[in-house]
Amino acid sequence: GEDVEQSLFLSVREGDSSVINCTYTDSSSTYLYWYKQEPGAGLQLLTYIFSNMDMKQDQRLTVLLNKKDKHLSLRIADTQTGDSAIYFCAERGGMTTDSWGKLQFGAGTQVVVTP
Amino acid sequence: DAGITQSPRYKITETGRQVTLMCHQTWSHSYMFWYRQDLGHGLRLIYYSAAADITDKGEVPDGYVVSRSKTENFPLTLESATRSQTSVYFCATLDGTSGSYEQYFGPGTRLTVT
């Protein structure tokens with residue numbers, strides 16, 4: 001099957017920028033997502049990028065997409081303690097009968113923000 | 001309140017028992033999904049449903065059964081629970097009318113099989 005890989009852990013100091021990286025293998029990916037999971041909670045969509053874009057900015061979040069290298073990153077500017085969570089990268093293929101719009105998730109990156 | 005709810009939130013059961021996890025949504029989204037979350041694996045899709053009475057297998061369906069007689073409910077049944085099914089289970093819905101095709105997740109059910 002298709003794979004999505006991301007590093008498992010990131011430690012960052014409060015006020016610094018965080019960069020979480022993700023690689024994927026499905027060249028037919030149409031949308032790529034970043035979800036955030038706080039302790040004891042479900043996943044919440046942070047942001048997404050369509051495959052024909054290479055950058056998207058949303059307040060403190062910047063998503064960069066390199067389609068050639070199948071590399072996705074999420075940058076969080078001025079990281080706060082409330083940003084401590086697990087961040088999941090996910091990719092969605094095209095709406096064919098096989099892919100059905102299903103999401104393929106990475107294993108998640110645990111981000112710990114230290115004061 | 002509108003949204004997606006799961007019950008129970010926590011469940012401990014014994015090996016061999018049947019257990020059903022409930023998922024309910026108030027949005028009338030057509031698509032619904034069941035995932036399991038395990039350390040190091042991220043989320044893996046168990047079953048999904050495109051509409052009432054339409055279901056299909058995901059990546060890890062063995063040992064699970066689903067049904068969807070009504071749009072708003074999507075129960076997941078473990079027919080004979082095994083220790084390997086100890087996990088956190090998430091239900092999700094998909095808003096197929098939004099441009100982002102965002103999936104909305106429930107709060108999860110933490111299941112322990114002893």
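Just so it is clear: chains get the letters A, B, ... in the order the sequence lines come, proteins before strands, and each one is counted from 1.
- Heavy atoms of B:L45 lying under 4.5 Å from chain A belong exclusively to its side chain.
- Counting heavy atoms of neighbouring residues, nucleotides and ligands inside a 6.0 Å radius, atom CZ of B:R17 does not exceed 12 of them.
- Atom CG of A:L61 is surrounded by more than 12 heavy atoms from other residues, nucleotides or ligands within 6.0 Å.
- Proximity to chain B (any heavy atom under 4.5 Å) is restricted, for A:Y35, to the side chain, taken from C-beta onward.
- With a threshold of 4.5 angstrom between heavy atoms, B:Y104 does not approach chain A through any atom at all.
- Between A:D54 and A:K67, no side-chain nitrogen of the basic residue sits less than 4.0 Å from a carboxylate oxygen of the acidic one, so the salt-bridge criterion is not met.
- With a 4.5 angstrom heavy-atom cutoff, B:R44 does not touch chain A via any of its atoms.
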Worked check of side chain to side chain donor-acceptor pair (under 3.5 Å) between A:R13 and A:T114
CA-CA 5 Å; A:R13 293 183 67 170; A:T114 56; 5.2 Å; no
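- Put simply, the side chain of B:T55 never gets that close to the backbone of B:Y47: no donor and acceptor are under 3.5 Å apart.
- Contact of A:L43 with chain B is made through backbone and side chain together, with heavy-atom distances under 4.5 Å.
- Interface remark: A:Q6 contributes no atoms to any contact with chain B (heavy atom separation under 4.5 Å).
- There is a side-chain donor-acceptor pair under 3.5 Å between A:R92 and A:T30.
- At a 4.5 Å heavy-atom cutoff, B:Q6 makes no contact with chain A through either its backbone or its side chain.
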